[in-house]
Novice: 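Quick one: the structure is below, and I'll ask about it shortly.
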Amino acid sequence: MSGPAAGTAHAATTTDVVCLGESMVTFLPSQPGRLADVPSFGRGIGGAESNVACALAAAGHRAAWVGRVGADGFGDHLVETIAGYGVDTSAVRRDPDRPTGIYFRTATDRGTGAHEVAYYRAGSAASAMSPANVPYEELFAGRILHLSGITAALSADCLALLRELTAPRPGRPLVSFDVNHRPRLWRDGDAGVLLELARRCDLVFVGEDEAEEAWGIVGAEAIRAALPEPSVVVVKRGSAGATVFASGPRPGPRSSNAGGADSAAGGAEAGEGAAQAAGRDTVTVVPALHVDVVAAVGAGDAFAAGFLSATLRGLPVRDRVRHGHLMAAAVLTVPGDLTAPPARDHADRLVALDDGAWGRLRLGPGWTAADRAHEEVRTP
């Protein structure tokens, strides 16, 4: 199949979210220090889109991951591990000629100069994904299709695939896009293409820092001005929280017929810092949580998963952001990229806190096991 058929239907789908992208085997250091000095590594998995799928499945949603891995032991490990989280991996393709990507990283925070990552992904099976070899029926079978800018950087074929998947067409699912700008992947390319892709989507996640680095755009309002088409733009602002710009549902091929995800902007009602903006936008500002961070990896993927989970449930925008913050806090308080999220009723109780109690919330290792909201509410 060379491309998706016009009018691909997904109304009768049984899948909530389909995530497409590269997943790799990651080697995690046994102790802090330079890669040159670490004596041994433990094996895990890493991949923005598969992380989102795993988190959503762990939260009780029907999630699928679509990717391409080598016909090798690392590919076996990836597929088996991701499936172990409850993710549907039946549409994953095996490449007999290209390897599964791997990478090594240090234990330090990704945002520090001491952080090192050694990627071995050039020529990987995932980099061969193209409009000619992906299973479109499976990709368009969900209520939401989740993509990220990492895929666009892997190869010209991968970029062509994302352009195909984000093209407006009747019957497409709600398309979610995490910009996920990785400067090292764009050394020989133009990261400006990420802006082009984002403008073709319905729901966009982008960090203030990456918008400035990739596009030279500074500030949440300027980011929204550069992304006028998506129904929802979530601007992540680090320790300051997140600002969401949400417009009303758009008619025609850009809208979804997916229950709670029918309108990505549905439920954009008054909340913390919410105010009616010029035009059709409602702006909602939600402060971040105080978190005792163990490892600052995987938080962005977890945030997206929490926001998408709440979107599927049709919750108000403020609550979607709070669920994103909580799922990110679950990952930030463990060493790896993935962990079990808080139970839904536990998360719902925390999301329902008043503004003052939310601001006093501080979460540390083990908080997801607590059975009463007040156990985590304390002055930071």
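Keep in mind the model is a prediction, meaning the values are calculated, not measured. The figures that follow rest on heavy atoms only: side chains count, while hydrogens, waters and symmetry mates do not.
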Novice: Is there a path from Leu308 to Leu338 through hydrophobic residues (I, L, V, M, F, W, Y) whose side chains come within less than 4.5 Å of each other?
Specialist: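 No, Leu308 does not connect to Leu338 through the hydrophobic network.
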Novice: Using every non-hydrogen atom in the two residues, find where Leu165 and Val175 come nearest and quote the distance to one decimal.
Specialist: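 For Leu165 versus Val175, the nearest heavy atoms are O-CG2, 4.3 Å.
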Novice: Without swapping roles, check the side chain of Arg184 against the backbone of Val117 for a donor-acceptor pair under 3.5 Å.
Specialist: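 Answer holds: yes.
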Novice: Does Arg362 reach the main-chain N or O of Asp292 with its side chain, forming a donor-acceptor pair under 3.5 Å?
Specialist: no
Novice: Ignoring hydrogens and angles, tell me if any N or O in the side chain of Thr81 forms a donor-acceptor pair with the backbone of Leu78 under 3.5 Å.
Specialist: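 No, the answer is negative, given that no donor and acceptor are paired below the 3.5 Å cut-off.
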Novice: Dump the intermediate steps for side-chain contact (heavy atoms from CB on, under 4.5 Å) on Trp215 and Val179, then the final yes or no.
Specialist: CA-CA 11 Å; Trp215 308 327; Val179 170; 3.9 Å; yes
Novice: What is the minimum heavy-atom distance between Arg43 and Val25, and which atoms define it?
Specialist: CG-CG1, 3.5 Å
Novice: Can you see which heavy atom on Ala125 is nearest to which on Asp95, and at what distance?
Specialist: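 The answer is CB-CB, 3.7 Å.
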Novice: Mind checking whether His325 and Trp358 have parallel, tilted or perpendicular rings, split at 30° and 60°?
Specialist: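 Judged by the thresholds at 30° and 60°, the geometry between His325 and Trp358 is tilted.
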Novice: What's the shortest heavy-atom distance between Thr339 and Ala330, and which atoms?
Specialist: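 Nearest pair, atom of Thr339 first, then Ala330: CG2-O, 3.3 Å.
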Novice: Are His323 and Phe307 near enough that their ring centres are under 6.0 Å apart?
Specialist: no
Novice: Verify the neighbour count for atom CZ of Phe104: are there more than 12 heavy atoms of other residues, nucleotides or ligands below 6.0 Å?
Specialist: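 More than 12 heavy atoms, drawn from other residues, nucleotides or ligands, come within 6.0 Å of this atom.
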Novice: Let me see the working for Leu139 and Leu145 under side-chain contact (heavy atoms from CB on, under 4.5 Å), right down to the final yes or no.
Specialist: CA-CA 7 Å; Leu139 285 171; Leu145 172 62; 4.1 Å; yes
Novice: Only counting residues at least two apart or in another chain, list the ones meeting salt bridge (charged side-chain N to carboxylate O under 4.0 Å, His left out) with Asp345.
Specialist: Arg349
Novice: Show the numbers, then the answer: is there a side-chain contact (heavy atoms from CB on, under 4.5 Å) between Glu49 and Thr151?
Specialist: CA-CA 9 Å; Glu49 301 84 2; Thr151 304; 3.5 Å; yes
Novice: Please confirm whether the backbone N or O of Arg360 pairs with a side-chain atom of His290, one donor and one acceptor, at under 3.5 Å?
Specialist: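 Absent.
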Novice: Applying the salt bridge (charged side-chain N to carboxylate O under 4.0 Å, His left out) criterion to Glu22, which one of Arg121, Arg68, Arg98 satisfies it?
Specialist: Arg121
Novice: Compare all side-chain heavy atoms of Leu326 with those of Trp367 and state whether any distance is below 4.5 angstrom.
Specialist: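 Of all side-chain heavy-atom pairs linking Trp367 with Leu326, at least one is under 4.5 Å.
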Novice: Using side-chain heavy atoms (C-beta onward) and a distance below 4.5 Å, is Phe41 in contact with Leu35?
Specialist: yes
Novice: List the atom of Cys158, the atom of Ala126, and the distance in Å for their closest heavy-atom pair.
Specialist: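 Answer, listing the atom of Cys158 first, then Ala126: SG-O, 3.5 Å.
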Novice: Going by ring-ring contact (aromatic ring centres under 6.0 Å, His included), name the pairs with one or both residues in residues 143-162, residues two or more places apart or in two chains.
Specialist: none
Novice: For Asp281 and Val283, indicate whether the former's side chain and the latter's backbone hold a donor-acceptor pair under 3.5 Å.
Specialist: no
Novice: Output side-chain donor-acceptor pairs under 3.5 Å for residues 82-93, partner residues at least two apart or in another chain, one line each.
Specialist:
{"unit_1": "Asp88", "atom_1": "OD1", "unit_2": "Ser90", "atom_2": "N", "d": "2.9"}
{"unit_1": "Asp88", "atom_1": "OD1", "unit_2": "Ser90", "atom_2": "OG", "d": "2.7"}
{"unit_1": "Arg93", "atom_1": "NH1", "unit_2": "Ala91", "atom_2": "O", "d": "3.1"}

Novice: Please confirm whether the backbone N or O of His181 pairs with a side-chain atom of Glu210, one donor and one acceptor, at under 3.5 Å?
Specialist: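 Checking the backbone N and O of His181 against the side chain of Glu210, a donor-acceptor pair under 3.5 Å is found.
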Novice: Side chains of Leu161 and Leu20, heavy atoms from C-beta outward: is any pair under 4.5 Å?
Specialist: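 Leu161 reaches Leu20 side chain to side chain.
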Novice: Between Ile45 and Ile150, is there a shared hydrophobic cluster once you connect ILVMFWY residues whose side-chain heavy atoms come closer than 4.5 Å?
Specialist: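 No, Ile45 does not connect to Ile150 through the hydrophobic network.
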Novice: Please name the pair of heavy atoms, one in Ala225 and one in Pro228, separated by the smallest distance, quoted to 0.1 Å.
Specialist: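 Taking every non-hydrogen atom into account, O-CD, 3.6 Å.
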Novice: Are side-chain heavy atoms of Val235 and Arg224 found at a separation under 4.5 Å?
Specialist: no
Novice: Quick check against the 3.5 Å criterion: does Ser127 have a side-chain atom that pairs as donor or acceptor with the backbone of Leu154?
Specialist: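 Between the backbone of Leu154 and the side chain of Ser127 there is no qualifying donor-acceptor contact (under 3.5 Å).
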Novice: Checking Asp72 side chain against Thr100 main chain: does a donor-acceptor pair fall under 3.5 Å?
Specialist: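 Such a contact is found between Asp72 side chain and Thr100 backbone.
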Novice: Just so I know, are the side chains of Arg313 and Arg320 near enough to count as touching, which here means a heavy-atom distance under 4.5 Å?
Specialist: no
Novice: Keeping the roles fixed (side chain from Arg318, backbone from Val351), state whether a donor-acceptor pair exists under 3.5 Å.
Specialist: yes
Novice: Take His61 and Leu312 through the test side-chain contact (heavy atoms from CB on, under 4.5 Å) and record every step on the way to the result.
Specialist: CA-CA 9 Å; His61 296 285; Leu312 287 162; 3.7 Å; yes
Novice: Could you check whether any side-chain heavy atom of Met24 comes within less than 4.5 Å of a side-chain heavy atom of Ile102, counting everything from C-beta outward?
Specialist: no
Novice: Any side-chain heavy atom of Val297 within less than 4.5 Å of one from Arg105?
Specialist: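 In short, these two side chains touch, coming nearer than 4.5 Å.
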Novice: Roughly how far, to the nearest 0.5 Å, is CZ of Arg169 from OG1 of Thr166?
Specialist: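 Rounded to the nearest 0.5 Å, the OG1-CZ separation comes to 8.5 Å.
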Novice: Less than 4.5 Å apart, side chain to side chain, heavy atoms only: is that true for Phe205 and Asn180?
Specialist: no
Novice: If only atom types and distance count, is the side chain of Asn133 paired as donor or acceptor with the main-chain N or O of Ser130 below 3.5 Å?
Specialist: yes
Novice: Carefully, step by step, assess Asp76 and Arg94 under the rule salt bridge (charged side-chain N to carboxylate O under 4.0 Å, His left out).
Specialist: CA-CA 9 Å; Asp76 293 340; Arg94 307 301 291 262; 2.7 Å; yes
